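What follows is a single structure, written as structure tokens, with notes after it.
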Amino acid sequence: MATWQRANPLMRTGKLAAIAFYLCFALFPLYWLIKIAVTPDRLIYTEGTALWPSEFTIGNFTTVIWQTDFLRFFGNSLIVSLSTAAIATLIAAGAGYAFSRFDFRGKRLVIALMLLTQMFPLLMIIAPIYRIIAAMGLLNSLSSLILVYIAFNIPFATFLMQSFFDGIPKDLEDAAMMDGCTRFQSLRKVILPLTLPGLGATLGFVFTAAWSEVLFALMLIKSNASMTFPVGLLTFVSKFSVDWGQMMAAGVLALVPSCMFFIFIQRYLVQGLTSGAVKG
Amino acid sequence: MTASHRKAPGEIRARRSFYWTHVVEPYLYLTPAIVLIALVILVPLVIGISYSFQSIMLLRPKEAAWAGLDNYVALWGDRMFWIALENTFVWTFGSLFFQFFLGLGLALLLNTRFTGRRLFQALVFLPWAVPTFLSALVWAWLFNPLIGPLPHWLAALGVLSEPYNILGDPDLAIWGPIAANIWFGVPFFAITLLAALQSIPSELYEAAEIDGASAWQGFTKITLPFLAPMIAITVMLRTIWIANFADLIFIMTGGGPANSSQILSTYIFTTAFKKLDFGYASALSVALLLLLFLYAVLVLFLRRKVVRV
């Protein structure tokens with residue numbers, strides 16, 4: 001296909017236009033977020049729609065960090081997302097390994113159940129979850145949120161890990177087992193080191209998902225002390241909806257962890273995600 | 001273990017290891033996942049379905065009782081439900097249409113060679129990593145004429161009579177979240193379709209080129225038939241996912257103004273979250289689940305008829 005397109009100058013211009021279009025479409029909203037965040041308050045309305053602010057400030061960021069609760073929200077979100085990512089990845093690695101290496105009774109049933117959880121509206125269980133957690137006295141606790149997020153993310157993470165395990169030749173662990181390793185030892189010493197990129201990618205996906213989740217967090221967390229970042233930001237928006245600069249500065253801060261993980265995982269996206277995404 | 005020493009070598013050990021590797025050992029690795037999914041998702045799912053036959057309003061705890069089909073009768077007569085159903089179609093297929101075609105275009109573009117392709121790929125996939133609540137807020141701000149450029153651009157193009165916020169206009173409000181959803185969802189389609197494109201053997205294109213086929217023929221005769229199964233399954237899963245996806249609408253418009261952008265999933269969330277009417281919210285969820293199930297069966301049936309792989 002490449003040769004066809006190189007031959008035709010019209011196609012080349014079209015291609016450049018398409019590249020420019022996709023870049024603008026993808027980046028403009030983020031550019032705007034950052035632009036408003038660094039515009040001084042007094043210029044926001046007068047230069048509201050100018051593409052480039054005439055002055056810059058980092059005042060919005062310092063205000064948000066030091067004079068609001070966002071640092072705490074950020075910490076809460078970090079605790080929730082990191083614990084969710086670590087535990088879900090560990091559990092999913094076990095399940096993915098079982099799917100990849102064993103042929104066992106009930107395999108199809110378990111896979112079907114996991115697929116089912118990807119299909120039905122998760123909002124369906126918001127009422128029962130709320131009542132169960134309220135009955136256990138765990139409302140407003142981060143651990144209840146972590147538990148719920150882990151369960152939500154296991155199916156997708158499992159299919160993702162399975163596709164990474166599938167990519168590692170079975171001969172490797174057969175050889176290790178022949179040399180006297182038990183299966184678990186060969187998993188730990190031979191297979192896991194090889195699948196580190198896969199583990200990293202899965203961690204990233206689960207972290208991003210937990211970092212973004214908002215509806216269950218809204219339902220289960222009401223107290224200021226244990227709000228996660230999205231809930232805190234939404235509360236902030238509905239209370240102080242004129243502090244544009246500060247809201248957007250908070251938004252930029254929310255973007256940072258996801259983007260860091262994204263930069264790390266994005267090269268595994270096309271090879272790793274697809275088999276998992278299509279199944280899950 | 002001790003028993004196996006007495007048996008002839010191989011015999012029992014083989015059967016034991018068969019039992020071990022096919023029944024016990026896999027479940028050692030699977031149990032944590034199964035237990036968590038069962039406790040946190042499947043059990044609440046069943047409880048949720050049972051809620052739809054009860055009257056459970058947290059604000060009026062004394063009236064909690066079995067209500068038979070009352071919730072479903074109320075649902076049938078609820079005008080909001082039908083409005084939300086119609087909006088669900090607009091939301092789902094409006095988003096899906098643009099996500100798919102823009103995603104396909106992007107995948108085809110990324111499948112060619114040009115300088116800076118890797119950087120380009122990282123940048124255009126970025127929206128996908130943006131947390132959904134933030135995408136919603138960013139787009140809500142972009143549509144706000146005070147600080148966002150979009151109303152002014154739309155007015156300049158003649159789409160709007162004057163720069164006002166379309167999120168406050170009952171006729172247009174739903175297109176705000178749809179725009180955000182397109183922005184957020186294009187990378188997903190691009191990623192999936194790109195992987196499918198890369199699995200097409202390049203020899204096919206070389207052979208076609210030698211035989212004098214045009215680029216368009218290469219696309220319709222090789223690319224599309226290879227992509228078709230992937231497209232069918234991705235579109236189906238994505239439709240279900242989008243129909244369930246309430247975050248963007250809930251944050252951007254809250255279903256308003258006057259419920260003009262309320263879809264079923266936001267209606268479920270609002271009923272549970274604001275009215276705390278768990279019985280009715282569960283009945284709505286069951287209705288949505290049945291609709292999605294019907295849709296999946298229909299698509300799988302059509303796929304079997306049309307795509308013969």
Side-chain angles (χ1 to χ4, degrees), chain A residues 1-2 4-5 18-19 22-23 26-27 29 32-33 36 44-45 48-49 91-92 94-95 97-98 102 104-105 110 117 119-121 123-129 132 147-148 150-151 154 158 208 211-212 214-215 218-219 230 234 237 244 251 254-255 258-259 262 266 269-270 273-274 277-278, chain B residues 21-23 26 29-30 32-34 36-37 40-41 44-45 47-48 51 105-106 109 112-113 120 122-127 129-134 137-139 142 146-147 149 152 183 191-192 194-195 205 215 218 233-234 240 244 246-247 251 265 268-269 272-273 278 281-282 285 288-289:
Chain A
M1 256 185 129
W4 279 323
Q5 291 192 348
I19 290 176
Y22 278 110
L23 270 183
L27 296 182
W32 202 258
L33 177 77
I36 300 276
I44 281 185
Y45 293 112
T49 55
I91 294 176
Y97 181 74
F102 293 99
F104 55 90
R105 242 172 270 170
V110 179
T117 63
M119 301 296 235
F120 77 86
L123 279 176
M124 213 172 161
I125 60 174
I126 203 164
I129 290 262
I132 294 170
L147 185 72
V148 171
I150 291 174
I154 282 177
T158 299
T208 321
W211 185 266
S212 315
V214 62
L215 296 182
L218 272 174
M219 194 82 187
L234 288 180
V237 167
W244 297 111
L255 199 58
S258 320
C259 281
F262 176 74
Q266 73 91 16
L269 276 181
V270 175
L273 168 70
T274 41
V278 167
Chain B
T21 56
H22 285 75
V23 181
Y29 292 103
L30 269 173
I34 295 178
L36 262 174
I37 290 176
V40 182
I41 300 183
L45 177 66
I47 300 179
Y51 279 3
L106 184 55
L109 193 62
T112 62
R113 252 173 287 161
F120 174 71
L123 290 177
V124 289
F125 283 177
L126 201 57
V130 175
T132 43
F133 68 93
L134 193 61
L137 287 175
V138 168
W139 280 87
L142 285 176
L146 282 179
I147 48 159
H152 303 278
W183 181 74
I191 292 167
T192 340
L194 179 60
Y205 291 110
I233 196 93
T234 317
I240 294 175
N244 287 332
D247 305 32
I251 295 171
S265 52
I268 295 170
F269 185 70
F273 178 66
F278 287 178
S282 297
S285 322
L288 177 58
L289 182 67

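Just so it is clear: chains get the letters A, B, ... in the order the sequence lines come, proteins before strands, and each one is counted from 1. Fair warning: this is a prediction, and the values are worked out from it, not measured in the lab.
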Q) What are the two closest heavy atoms between B:Phe278 and A:Ala127, and how far apart are they? A) CG-CB, 3.4 Å
Q) Side chain, backbone, both or neither: which part of B:Ala33 has an atom under 4.5 Å from a heavy atom of chain A? A) both
Q) What part of B:Ile268 lies closer than 4.5 angstrom to a heavy atom of chain A: side chain, backbone, both or neither? A) side chain
Q) Hey, is the main chain of B:Val124 close enough, under 3.5 Å, to the side chain of A:Tyr22 for a donor-acceptor pair? A) no
Q: Provide the closest heavy-atom pair for B:Pro44 versus A:Pro128 in the form atom of the first, atom of the second, distance.
A: O-CG, 3.3 Å
Q.
Just so I understand: if I count every heavy-atom pair under 4.5 Å between each of A:Ile150, A:Ile132, A:Thr158, A:Leu147 and chain B, which residue has the most?
A. A:Leu147
Q | Nearest-0.5 Å distance, CD1 of residue A:Ile126 to OG of residue B:Ser265 | A | 11.0 Å
Q.
Taking side chain as everything from C-beta outward and backbone as N, CA, C, O, which of these in B:Tyr51 sits under 4.5 Å from a heavy atom of chain A? Side chain, backbone, both or neither.
A. side chain
Q. If you count heavy-atom pairs under 4.5 Å with chain A, which of B:Phe120, B:Phe133, B:Trp139 comes out on top?
A. B:Phe133
Q. Going by heavy atoms in the side chains, are B:Leu126 and A:Leu27 under 4.5 Å from each other?
A. yes
Q.
How long is the straight-line distance from CH2 of A:Trp211 back to OG1 of B:Thr132, given to the nearest 0.5 Å?
A. 13.0 Å
Q.
Is any side-chain heavy atom of A:Phe102 closer than 4.5 Å to one of B:Leu30?
A. no
**Q.** B:Leu106 portion near chain A, given a 4.5 angstrom heavy-atom threshold
**A.** both
Q | Interchain contact, B:Ile240 with chain A, by part (heavy-atom threshold 4.5 Å) | A | side chain
Q: Below 4.5 Å from any heavy atom of chain A, which atoms of B:Pro32 appear? Answer side chain, backbone, both or neither.
A: both
Q: Could you tell me which of A:Ser212, A:Ala18, A:Ala151 has the largest number of non-hydrogen atom pairs under 4.5 Å with chain B?
A: A:Ser212
Q | Closest non-hydrogen atom pair, A:Thr117 against B:Ile37 | A | CG2-CG2, 3.8 Å
Q. Do the side chain of A:Trp244 and the main chain of B:Ile147 share a donor and acceptor less than 3.5 angstrom apart?
A. no
**Q.** Side chain / backbone / both / neither for B:Leu134 at chain A, heavy atoms under 4.5 Å
**A.** side chain
Q | Contact class of A:Ile19 relative to chain B, heavy atoms under 4.5 angstrom | A | both
Q | Structural part of B:Val138 lying under 4.5 Å from a heavy atom of chain A | A | side chain
Q.
Side chains of B:Ser285 and A:Leu123, heavy atoms from C-beta outward: is any pair under 4.5 Å?
A. no
Q.
Can you tell me how far apart CD1 (B:Ile34) and CD1 (A:Ile91) are? Round to the nearest 0.5 Å.
A. 11.5 Å
Q | Contact origin within A:Leu215 toward chain B - heavy atom pairs under 4.5 Å | A | both
Q.
For A:Leu234, which atoms come within 4.5 Å of any heavy atom of chain B: side chain, backbone, both, or neither?
A. side chain
Q: Please name the pair of heavy atoms, one in A:Leu255 and one in B:Pro131, separated by the smallest distance, quoted to 0.1 Å.
A: CD1-CD, 4.2 Å
Q: To the nearest 0.5 angstrom, please state how far the CE atom of A:Met124 sits from the CD1 atom of B:Ile47.
A: 12.0 Å
Q: Check each atom of B:Leu109 against the heavy atoms of chain A and say whether the ones under 4.5 Å are side chain, backbone, both or neither.
A: side chain
Q.
Under 4.5 Å from any heavy atom of chain B, what part of A:Leu23 do you find: side chain, backbone, both or neither?
A. both
